[in-house]
Amino acid sequence: TLTLPSWTPQANDLILVPIALRDTSVTVSSVVGNGIIFDGIANISQLNADTRLVVYRGMSASPTTGSITITLSASARFVAQAIRISGTNTSGINGSGAIEAVQTATVANPGDFNMKQMITTLESNVGAIGFGSHRDTTFITPVGETTILLNTSLGSNDFASHTTLS
């Protein structure tokens, strides 16, 4: 279990929670907090079965101050963040209207730094956000992308989990 620091999301903020695990046999049991219902929108394991990236989304018209708690099915090294995005589409359920498309992919080598994916949007004036789980300690953001959070890590050596957000 991991409890993130307390914060106060604003009404109708889209909350994204990317979770990088270093063990693909372990799953995310729950993501709860702030009076928000979180739904999983992506769950991908690398081909060599040593890293998993899971992304949850949520939105509430009246969120509460507090922490987000992530619970796993078993003990594992993992790292997680909560990202708040304001001004998104508030239609749908639990932030579904704010997510127009999701694209996932695996690579044969989790050390491959080419995490760039093409995504097709339907609306004009939309943004895209990317999450990556990587085994190596130093990731370099692909050319043309903007780094938001780079190389967040937990653990060391061959048992570390790392995430990048761009």
Side-chain angles (χ1 to χ4, degrees), residues 1-46 50-104 110 115 126-139 141 145-166:
T1 299
L2 173 68
T3 300
L4 300 174
S6 181
W7 68 338
T8 306
Q10 300 302 305
N12 296 317
D13 279 349
L14 173 65
I15 310 299
L16 297 174
V17 182
I19 305 158
L21 301 113
R22 189 53 198 260
D23 184 339
T24 58
S25 68
V26 176
T27 59
V28 176
S29 301
S30 67
V31 176
V32 298
N34 298 111
I36 299 170
I37 296 172
F38 289 94
D39 294 322
I41 58 171
N43 185 342
I44 188 163
S45 297
Q46 292 301 338
D50 69 351
T51 61
R52 175 189 301 270
L53 178 66
V54 181
V55 181
Y56 280 75
R57 65 151 165 78
M59 180 183 287
S60 174
S62 54
T64 58
T65 297
S67 300
I68 293 173
T69 300
I70 299 144
T71 303
L72 303 182
S73 63
S75 179
R77 287 185 170 87
F78 72 106
V79 67
Q81 296 92 24
I83 296 103
R84 177 175 59 201
I85 304 170
S86 62
T88 64
N89 183 335
T90 60
S91 68
I93 299 169
N94 304 329
S96 64
I99 305 291
E100 187 173 291
V102 174
Q103 175 68 33
T104 63
M115 285 195 227
V126 298
I129 190 165
F131 302 103
S133 172
H134 47 96
R135 198 168 63 185
D136 292 331
T137 57
T138 305
F139 177 79
T141 305
E145 302 302 315
T146 301
T147 299
I148 298 172
L149 186 63
L150 186 63
N151 298 320
T152 300
S153 301
L154 176 68
S156 60
N157 302 326
D158 288 338
F159 299 103
S161 290
H162 312 282
T163 59
T164 293
L165 169 63
S166 63

So does [Y] get a backbone contact from the side chain of [X], meaning a donor-acceptor N/O pair under 3.5 Å?
{"X": "Arg84", "Y": "Thr8", "answer": "yes"}
{"X": "Asn43", "Y": "Val54", "answer": "no"}
{"X": "Asp23", "Y": "Ser25", "answer": "yes"}

Which value, rounded to the nearest 0.5 Å, describes the distance between [X] atom [atom1] and [Y] atom [atom2]?
{"X": "Thr24", "Y": "Ile44", "atom1": "OG1", "atom2": "CD1", "result": "12.0 Å"}
{"X": "Arg57", "Y": "Ile93", "atom1": "CZ", "atom2": "CD1", "result": "8.5 Å"}
{"X": "Ile85", "Y": "Asn12", "atom1": "CD1", "atom2": "CG", "result": "13.5 Å"}
{"X": "Leu53", "Y": "Ile19", "atom1": "CG", "atom2": "CD1", "result": "8.5 Å"}

Passing option when Tyr56 is tested against Ile70, Val28, Ile68, Leu16 for side-chain contact (heavy atoms from CB on, under 4.5 Å):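 When Ile70, Val28, Ile68, Leu16 are each tested with Tyr56, the side-chain contact (heavy atoms from CB on, under 4.5 Å) holds only for Val28.
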
Member of Val31, Asn94, Val32 meeting the side-chain contact (heavy atoms from CB on, under 4.5 Å) criterion with Phe38: Val31

Ser73 side chain to Thr27 side chain, donor-acceptor N/O pair below 3.5 angstrom: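 The criterion, which ignores hydrogens and geometry beyond distance, is satisfied for Thr27 and Ser73.
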
Any Leu14 side-chain heavy atom under 4.5 Å of Ile99 side chain: yes

Work out which heavy atom in [X] is nearest to a heavy atom in [Y]; give both atom names and the distance.
{"X": "Gln10", "Y": "Pro63", "value": "O-CG, 3.6 Å"}
{"X": "Ile36", "Y": "Ser60", "value": "CG1-CB, 3.8 Å"}
{"X": "Pro9", "Y": "Trp7", "value": "CD-O, 3.7 Å"}
{"X": "Thr64", "Y": "Gly35", "value": "OG1-N, 3.4 Å"}
{"X": "Met59", "Y": "Asn89", "value": "CE-O, 3.7 Å"}
{"X": "Ala61", "Y": "Ala11", "value": "O-CB, 3.1 Å"}

CA sep, side-chain torsions, deciding dist, call: Leu4, Ser67, side chain to side chain contact (heavy atoms under 4.5 Å, CB included): CA-CA 6 Å; Leu4 300 174; Ser67 300; 5.5 Å; no

